[in-house]
Amino acid sequence: MQQKKGGRAMAVRILFQPSGRRIKVRQRETVLETIRQNGLEIRAVCGGHGTCGKCKVRVHIKGRPMQNLIREGAVNPLTWNEKKCLTLQERQKNFRLACCLELYQDATVEIPAESRTEQGVIVERGRRARFLLNPRVQSVCVTMSPPSLEDFRSDEERLCEAVACETGRMKEKTCCRYGLLLRLPALLRKCRWRVQAVFLSSGEATEIIDAGPVPETENPELYGMAVDLGTTTIAASLADLSTGRVLARCSCMNGQICCGDDVVSRISHVMMHSDGLRQLADLVRQDIGRLAGDLAEKAGIRAERIYEMIVAGNTVMEHLFLGLDPERIGKSPFVSVLRRPVTLPAGQLGLKVPQFGDVSCLPIEAGFVGADNVAVLLAERLDQQPVRTMVIDIGTNGEIDYGDAEGIWSTSCATGPALEGAEISCGMRAAPGAIERVRIDAATGLPFCRVIGGGKPKGICGSGIIDVIAEFVRCGLIGPDGTFRKETDSPRLRPAGRHSREFVLATAEESGTGKELVITQKDVRAVQLAKGALYAGAVLLIRAGGGKAPERILLAGAFGSYIDKENACRIRMFPLCPGAVIESIGNAASEGALAALFDRDLRDKAGELSRQIRFVEAASQTDFQRLFFEGTMFPDHSKEK
Ligand code: FES
């Protein structure tokens, strides 16, 4: 803290650029903590552990160089991690890691474009799942007789009996939600005993959750929301429960990203901060609340008419959304707090939408395989497939399902964030400025890149990474073990250190950041680790399911939507399944959640499915290591050159 002459500590103020926000800093708080607490955006792939080097910021205090600032006590000294992650030039330009930096004097902190979280290209939809329109939320218009000395039933009894009589449901099992009881007396009298009652049905039970004037049009205005809660992105859809139509879709980055890019860093955030769980729960609930408002605005409906929300997230995300401690999921034997579906009034989670209705989380399968995977299976009805089918959903964690009407097996594999652009030296999300396609001219060795949104490239995203590695393989620039070949010649291939080489994808002049975009040997290794994990998981599943090769491979999620399937096969991303048809199915988790919203029987089916699926813990299988190693290898395509 800045010291006043009398020795009293003064608050330090930081001006963040380019946002222009001025923020007061608390004592002994890192700049990353300040950024997180004030809703600013920054990449923090490792969750603030100082290891990823993605949270670079530049410090400006009266134009003084960093060594002077450190000597004068205006900032804390460079940490060991900063010395490792920052180049000498970066240090000379006053760059620091936000998670290691403490400021004791007023300063301007610049968050450069490369450190800001880009709004990635989010796949909001998949192909439409099949369902019957049989929602849990329904409504009916009823007329009641007013109370009299002869008829002194309570207001609740009067409404429940009218609803039961009109719908044929059991009146003994019909009741009003407490929140409605608070408003009921005034409401019934104001509406002169004729109301539209909105109720939730489950089994024989009926719970009336809202009532109001009978609508003037035929539209009962019953809406629901389906949320695909991902570690990186959240995609939400608004649906008309009376017609089965999807009215609007919206998405956003998961605000928890400021506490780490992957589920492991989120778990460690919870473990290392006393209020970490509350903080992460608040962040994701705020995001979902904002999405609800955006959806209502986009569709031109009243947000209070959203009566139900279905959430399908991975195991850790569902725990954080529900405010449940995810710590044990991160440690062997990877046990979650619960697996069953959870339905509770939205207000219990502090959500304002649905105002009168429920939030339901789909059931978790096992370990890291969560409800989002169950939603994918619901959308694709793997349990009804006549031919062996494999569904691969690659996110920060890879999830694989394999089976048909005879049975389903599933596993998860630690593909890591490399395939999403993280942990790659010049990696970024699939956002404008990202290289999404790469072709290398085998004759000249020069690369040609296609950039999302056009213009100069700022980095490379997952589909671009697959392309560039496939091109290395095709042109023989790397060998089957992934090492850059010394004997190959390309003007873009150069030595890096004593034993390694690297490939310059874009020179400083060609790139949009003014810095070279380089694919290093370490980057190739990161892709190898991801594909090794995926390959081993898939082979083990096929073996567990009797050894029948799948006839169809379905690629779910954003990554599956954008990759060049031929290039993915070229580098053996998927197990060798000759003749298998490979299809992209987009955001199938979203479609599965929507199907569960429209059809309450499908929701019951989700519970059944999650119990039927046979989970294979891939990493504990005896030959996992051998298969993993086998999966890291590339085929030798150099002869195609
Ligand atoms: S190095 Fe700061 S968040 Fe990773």
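Note that ligands are numbered from 1 as they come in the structure, with each ligand's atoms numbered from 1 the same way. Excluded from the calculations below are hydrogen atoms, water molecules and symmetry mates; all remaining heavy atoms, backbone and side chain alike, are included.
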**Asked** Relative to the heavy atoms of C55, which atoms of ligand 1 are at a distance of less than 4.0 Å?
**Response** 1 (S), 2 (Fe), 3 (S)

**Message:** Using a 4.0 Å cut-off to any heavy atom of G50, which atoms of ligand 1 qualify?
**Reply:** 1 (S)

**Item:** Element-labelled atoms of ligand 1 that are located less than 4.0 Å from some non-hydrogen atom of G48
**Value:** 3 (S)

**Asked** Which protein heavy atom lies closest to atom 1 (S) of ligand 1, and at what distance to 0.1 Å?
**Response** G53 N, 3.2 Å

**Prompt:** Only one of N76, V31, L103, V109 clears side-chain contact (heavy atoms from CB on, under 4.5 Å) with R96; which?
**Reply:** N76

**Asked** Ring centres of F472 and F634 under 6.0 Å apart?
**Response** no

**Request:** Could you tell me whether any N, O or S atom belonging to C52 is less than 2.8 Å from atom 4 (Fe) of ligand 1?
**Result:** yes

**Prompt:** Is the shortest distance from a Lys or Arg side-chain nitrogen in E365 or R339 to a carboxylate oxygen in the other one below 4.0 Å?
**Reply:** no

**Asked** Is the closest basic N to carboxylate O distance between E502 and K522 below 4.0 Å?
**Response** no

**Asked** Does V311 reach the side chain of F321, with side-chain heavy atoms less than 4.5 Å apart?
**Response** yes

**Item:** salt_bridge(E516, R494) N-O dist < 4.0 Å
**Value:** yes

**Asked** Which of the atoms of ligand 1 are close to T51, meaning less than 4.0 Å from one of its heavy atoms?
**Response** 1 (S)

**Request:** Give a yes or no on whether C99 keeps an N, O or S atom under 2.8 Å from atom 2 (Fe) of ligand 1.
**Result:** yes

**Close-contact set for ligand 1 against C46 heavy atoms, below 4.0 Å** = 1 (S), 3 (S), 4 (Fe)

